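Inspection log for the structure reproduced underneath, given as structure tokens.
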Number of protein chains: 2
Amino acid sequence: MTIEEGFGLILKKYRNQSGLSQEALAFKSGLDRTYISLLERGKRKPTINTIFSIAIILNERPSKLIKELEDLLDAV
Amino acid sequence: MTIEEGFGLILKKYRNQSGLSQEALAFKSGLDRTYISLLERGKRKPTINTIFSIAIILNERPSKLIKELEDLLDAV
DNA sequence: ATAGTCCACGGACTATAGTATTCGTAGGAA
DNA sequence: TTCCTACGAATACTATAGTCCGTGGACTAT
């Protein structure tokens, strides 16, 4: 699994937990609807600022998402 | 302080701790020497893959760098 | 049977991450 | 001096992050 694929899975999980649609998350985080879709499908590599923007909207610490991503990648 | 400025400070700190020059870090992480310089001066926003690449070379967990960045930004 | 929500996916674009080259400076060493 | 290492900084380039337009399928509800 690539880093971006793992990030996509984690993003999708937390977004679903928050009850937000892709479009709602996109609007609140100031990103594009289709870009959230691309991220969740592991087709894009977010910048550090994008990671922070998304994490804040999801009420999570960026480091928590990254930690979970590390664990997910290690688990392979 | 912006996210990228904070990341630059942390990168510089850990790079100096590791005893690597910008050029040595660049070589080992497969990035450009001038780009490491740009990052440390807060002029660029690294992607998630770049963050992981650099952290690995510095023998640190990406989440640790991000955690420290959060704390640095909160401290303002 | 149709309207609304949610999302995957594509094409075409714009903004910026990241590369390559070069010049200038400062410090230490020979 | 002269040589070398390390770094900042400018310019110009290439690759890709991120936007904006749309289509269509699955599902729900009315």
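These numbers were taken from a predicted model, which means no experiment stands behind them. Note on naming: letters A, B, ... go to the chains in the order of the sequence lines (proteins, then strands), and numbering restarts at 1 for each one.
The interatomic distance linking B:L31 (CG) with D:dT16 (P) rounds to 13 Å, in whole Å. Between A:L39 atom CG and D:dT16 atom P there is a gap of 16 Å when expressed in whole angstrom units. Atom CZ of B:F27 is separated from atom P of D:dT5 by 15 Å (rounded to the nearest Å). At whole-Å resolution of the value, CD in A:E4 and C1' in C:dA17 are 15 Å apart. Taking atom CD of residue B:E40 and atom C1' of nucleotide D:dC7, one finds them 9 Å apart after rounding to whole Å. Between the CG atom of B:L38 and the C1' atom of C:dT16 there is a distance of 12 Å, rounded to whole Å. If you measure from atom CZ of A:R15 to atom C1' of C:dA8, you get 12 Å, rounded to the nearest angstrom. Note: CD1 (B:I48) to P (C:dA17) measures 15 Å, nearest angstrom.
The pair B:R15-B:E40 meets the salt-bridge criterion, with a side-chain N (NZ, NE, NH1 or NH2) lying under 4.0 Å from an Asp/Glu carboxylate O. Between A:R61 and B:E70, at least one side-chain N (NZ, or NE/NH1/NH2) sits under 4.0 Å from a carboxylate O, which counts as a salt bridge. Looking at A:K13 and A:E68, a side-chain N of the basic residue comes within less than 4.0 Å of a carboxylate O on the acidic one, giving a salt bridge.
No hydrogens or angles were tested; on distance alone, a donor-acceptor pair under 3.5 Å links the side chain of B:R33 to the base of C:dT22. Contact annotation: side chain of A:T34 to base of D:dC20, donor-acceptor pair present below 3.5 Å.
Nearest-nucleotide mapping onto DNA chain D: of B:L20 and B:R44, the residue sitting toward the 5' end is B:L20. Place B:K43 and A:R41 on DNA chain C by their nearest nucleotides, and A:R41 ends up nearer the 5' end.
The nucleotide D:dT30 finds its pairing partner in C:dA1, both defining distances of the Watson-Crick or G-U wobble pair being shorter than 3.5 Å.
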Q.
Set out, in order, the CA-CA distance, both residues' side-chain angles and the distance that settles side chain to side chain contact (heavy atoms under 4.5 Å, CB included) for B:I66 and A:L65, then state yes or no.
A. CA-CA 10 Å; B:I66 299 301; A:L65 302 184; over 6 Å; no
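Nearest to the side chain of A:S21, among D:dA17, D:dT19, C:dC7, sits C:dC7. Of the candidate nucleotides C:dT19, D:dC20, C:dA17, D:dC20 has the atom lying nearest to any side-chain atom of A:D32.
For B:S37, a side-chain nitrogen or oxygen approaches OP1 or OP2 of D:dG8 to under 4.0 Å. Close to D:dG8, at under 4.0 Å from its OP1 or OP2, lies a side-chain N or O of B:Q22. Here A:K12 reaches the OP1 or OP2 of C:dA8: one of its side-chain N or O atoms lies under 4.0 Å away.
Using a 4.0 Å heavy-atom cutoff across all strands shown, B:T50 reaches sugar-phosphate atoms only and no base atom.
Minimum interatomic distance between A:E4 and B:N49 (heavy atoms only, all atoms of both residues): OE1-ND2, 3.3 Å.
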